[in-house]
Amino acid sequence: MRGFFQRLQYQMAAWMQGRYGMDGLSNFLLAVAIILLLASIVPGLDLLLWLAFIVLAVSMLRSFSKNIPARAKENETYERLSAGPKRTYALAKKAWTNRKTTRYFKCKGCGQVLSVPKGKGTLRVVCPKCKTETRKKS
């Protein structure tokens, strides 16, 4: 049985040669398809099942495509558009993790997120980006 799976693995690797493979956009589409598939279980949302299959098909077609420059351009656009929400989520996660020791706020001059340690009284904070000076209670 082991020989069968090894041969299957080599055959799949040979078949995938020259194809684009999975990337960030394909993974996102796959996750959306799974969510839609799970949501289609609710009675009355049968249309979501077909939508899930369409999104899954697009994800698979992207992965098996041989047009690598076009898929790379699509993925680059996806990464550029999703960079802002990812950064916002990472900052919110960091702020939640450090909520007992650090206070976060935005610079009035440029909007840069700054932090000060909690419990240190009123501090003078200088923004490293625009050099705006503010006083903040920590």
Side-chain angles (χ1 to χ4, degrees):
M1 206 55 172
R2 182 176 178 166
F4 169 76
F5 287 118
Q6 280 184 333
R7 280 194 311 273
L8 184 64
Q9 181 181 3
Y10 292 135
Q11 289 171 348
M12 280 296 293
W15 184 70
M16 284 298 289
Q17 291 246 330
R19 298 184 190 273
Y20 188 65
M22 295 294 283
D23 61 359
L25 179 56
S26 294
N27 289 336
F28 174 74
L29 290 173
L30 186 62
V32 167
I34 291 171
I35 291 168
L36 288 172
L37 191 62
L38 292 174
S40 71
I41 295 171
V42 176
L45 297 178
D46 300 332
L47 186 62
L48 290 182
L49 179 65
W50 292 104
L51 189 59
F53 283 137
I54 291 169
V55 172
L56 184 63
V58 170
S59 176
M60 292 291 114
L61 288 174
R62 286 190 82 258
S63 298
F64 299 141
S65 173
K66 289 188 174 185
N67 190 356
I68 294 173
R71 301 296 85 82
K73 188 176 179 182
E74 291 168 357
N75 188 55
E76 182 181 322
T77 303
Y78 164 74
E79 293 293 338
R80 186 173 29 83
L81 292 174
S82 66
K86 285 181 182 178
R87 190 172 30 250
T88 303
Y89 173 73
L91 180 62
K93 185 177 175 183
K94 182 179 178 183
W96 179 257
T97 303
N98 300 331
R99 67 188 181 278
K100 293 183 180 179
T101 60
T102 309
R103 181 163 183 242
Y104 292 90
F105 62 96
K106 287 192 176 187
C107 174
K108 293 175 185 171
C110 63
Q112 175 79 23
V113 177
L114 304 172
S115 63
V116 292
K118 280 190 173 179
K120 302 289 183 185
T122 303
L123 300 173
R124 181 182 70 92
V125 181
V126 177
C127 176
K129 191 173 180 182
C130 67
K131 308 297 185 217
T132 302
E133 182 180 320
T134 55
R135 294 206 165 268
K136 218 42 163 167
K137 183 179 177 194
S138 62

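The structure displayed is predicted, hence computed values, not measured ones.
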Enquirer: Taking everything shown except R19 itself, do over 12 heavy atoms lie less than 6.0 Å from its CZ?
Expert: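 Result for CZ/R19: enclosed.
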
Enquirer: Step by step, would you call D23 with Y78 a side chain to side chain contact (heavy atoms under 4.5 Å, CB included)?
Expert: CA-CA 10 Å; D23 61 359; Y78 164 74; over 6 Å; no

Enquirer: Before you tell me yes or no, could you show the steps for L114 and C127 under side chain to side chain contact (heavy atoms under 4.5 Å, CB included), namely the whole-Å CA-CA distance, both residues' side-chain angles and the distance that decides it to 0.1 Å?
Expert: CA-CA 7 Å; L114 304 172; C127 176; 4.1 Å; yes

Enquirer: Which atom names give the shortest non-hydrogen contact between G109 and T132, and what distance separates them?
Expert: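 The pair with the smallest heavy-atom distance is CA-OG1, 4.1 Å.
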
Enquirer: Check for me, please, whether V42 and L49 land in the same ILVMFWY cluster - side-chain distances under 4.5 Å, paths through other members count.
Expert: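 No, because V42 and L49 fall into different hydrophobic clusters, even though each may have its own neighbours under 4.5 Å.
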
Enquirer: Looking at V55, is its backbone amide N or carbonyl O close enough to the side chain of S59 to form a donor-acceptor pair, meaning the two atoms are under 3.5 Å apart?
Expert: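 Side chain of S59 to backbone of V55, a donor-acceptor pair under 3.5 Å: no, none is there.
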
Enquirer: Indicate if L61 and L56 have the same hydrophobic cluster label, given that clusters are the connected sets of ILVMFWY residues with side-chain heavy-atom separations under 4.5 angstrom.
Expert: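 Shared cluster, no.
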
Enquirer: Stepwise, does the side chain to side chain contact (heavy atoms under 4.5 Å, CB included) test hold for E133 with V126?
Expert: CA-CA 4 Å; E133 182 180 320; V126 177; 4.2 Å; yes

Enquirer: Looking just at side-chain N and O atoms, do R62 and S26 make a donor-acceptor pair shorter than 3.5 Å?
Expert: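 Their side chains do contain a donor-acceptor pair, which is all the 3.5 Å distance test asks for.
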
Enquirer: Would you say F53 and L47 are hydrophobically clustered, going by side-chain heavy atoms of ILVMFWY under 4.5 Å?
Expert: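 No, F53 does not connect to L47 through the hydrophobic network.
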
Enquirer: Are more than 12 heavy atoms, taken from residues, nucleotides or ligands other than F64, located less than 6.0 Å from that residue's CZ atom?
Expert: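 Count over threshold, so yes.
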
Enquirer: Taking R99 for the side chain and W96 for the main chain, is one N or O donor matched with an acceptor at less than 3.5 Å?
Expert: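 Yes; judged by distance alone, with no hydrogens or angles, the pair exists.
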
Enquirer: Taking V32 as the starting point, is it possible to reach V58 by hopping between hydrophobic residues whose side chains are less than 4.5 Å apart?
Expert: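 Yes.
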
Enquirer: Using the rule that two of Ile, Leu, Val, Met, Phe, Trp, Tyr join whenever any of their side-chain heavy atoms come within less than 4.5 Å, decide whether L37 and L29 are in one cluster.
Expert: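 Cluster IDs for L37 and L29 differ.
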
Enquirer: About how many Å separate OH of Y89 and OG of S82, when rounded to the nearest 0.5 Å?
Expert: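 Answer rounded to 0.5 Å: 14.0 Å.
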
Enquirer: Rounded to the nearest 0.5 Å, what separation is found between the CD atom of Q9 and the CZ atom of F4?
Expert: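 Rounded to the nearest 0.5 Å, the CD-CZ separation comes out at 12.0 Å.
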
Enquirer: Any carboxylate oxygen within less than 4.0 angstrom of a Lys/Arg side-chain nitrogen, looking at R71 and E74?
Expert: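 Yes, this pair counts.
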
Enquirer: Of all heavy-atom pairs between G18 and I68, which one has the smallest distance, and what is that distance?
Expert: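 G18 and I68 have their closest heavy atoms at O-CD1, 3.9 Å.
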
Enquirer: To the nearest 0.5 Å, how far apart are CD1 in I35 and CG in L30?
Expert: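 One gets 10.0 Å once the value is rounded to the nearest 0.5 Å.
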
Enquirer: Count the heavy atoms of every other residue, nucleotide or ligand shown that sit under 6.0 Å from CD of E79, and state whether that count exceeds 12.
Expert: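 It does: E79 CD has more than 12 such atoms within range.
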
Enquirer: Roughly how far, to the nearest 0.5 Å, is the CG atom of L45 from the CG atom of L38?
Expert: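 Rounded to the nearest 0.5 Å, the CG-CG separation comes out at 12.5 Å.
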
Enquirer: Determine whether more than 12 heavy atoms belonging to other residues, nucleotides or ligands lie under 6.0 Å from atom NZ of K86.
Expert: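 More than 12 within 6.0 Å, yes.
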
Enquirer: Would you say NZ of K73 has more than 12 non-hydrogen atoms from neighbouring residues, nucleotides or ligands within 6.0 angstrom?
Expert: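 Open: at most 12 neighbouring heavy atoms sit under 6.0 Å from NZ of K73.
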
Enquirer: Looking only at non-hydrogen atoms, find the nearest pair between L48 and A39 and report the distance.
Expert: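 Answer, listing the atom of L48 first, then A39: CD1-CB, 3.8 Å.
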
Enquirer: From M60 CE over to M22 CE, what is the distance, rounded to the nearest 0.5 angstrom?
Expert: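 These two atoms lie 5.0 Å from each other.
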
Enquirer: CZ of R103 to NZ of K120: how many Å apart, nearest 0.5 Å?
Expert: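 One finds 15.5 Å between CZ of R103 and NZ of K120.
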
Enquirer: Measure from the side-chain N and O atoms of T97 to the backbone N and O of K93, and report whether any donor-acceptor pair falls under 3.5 Å.
Expert: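 Present.
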
Enquirer: Do the side chains of L123 and P117 get nearer than 4.5 Å, heavy atoms only?
Expert: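 SC-SC contact between P117 and L123 confirmed.
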
Enquirer: Other hydrophobic cluster members with V113, side-chain heavy atoms of Ile/Leu/Val/Met/Phe/Trp/Tyr under 4.5 Å, chained?
Expert: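 V113 shares its hydrophobic cluster with L91, Y104.
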
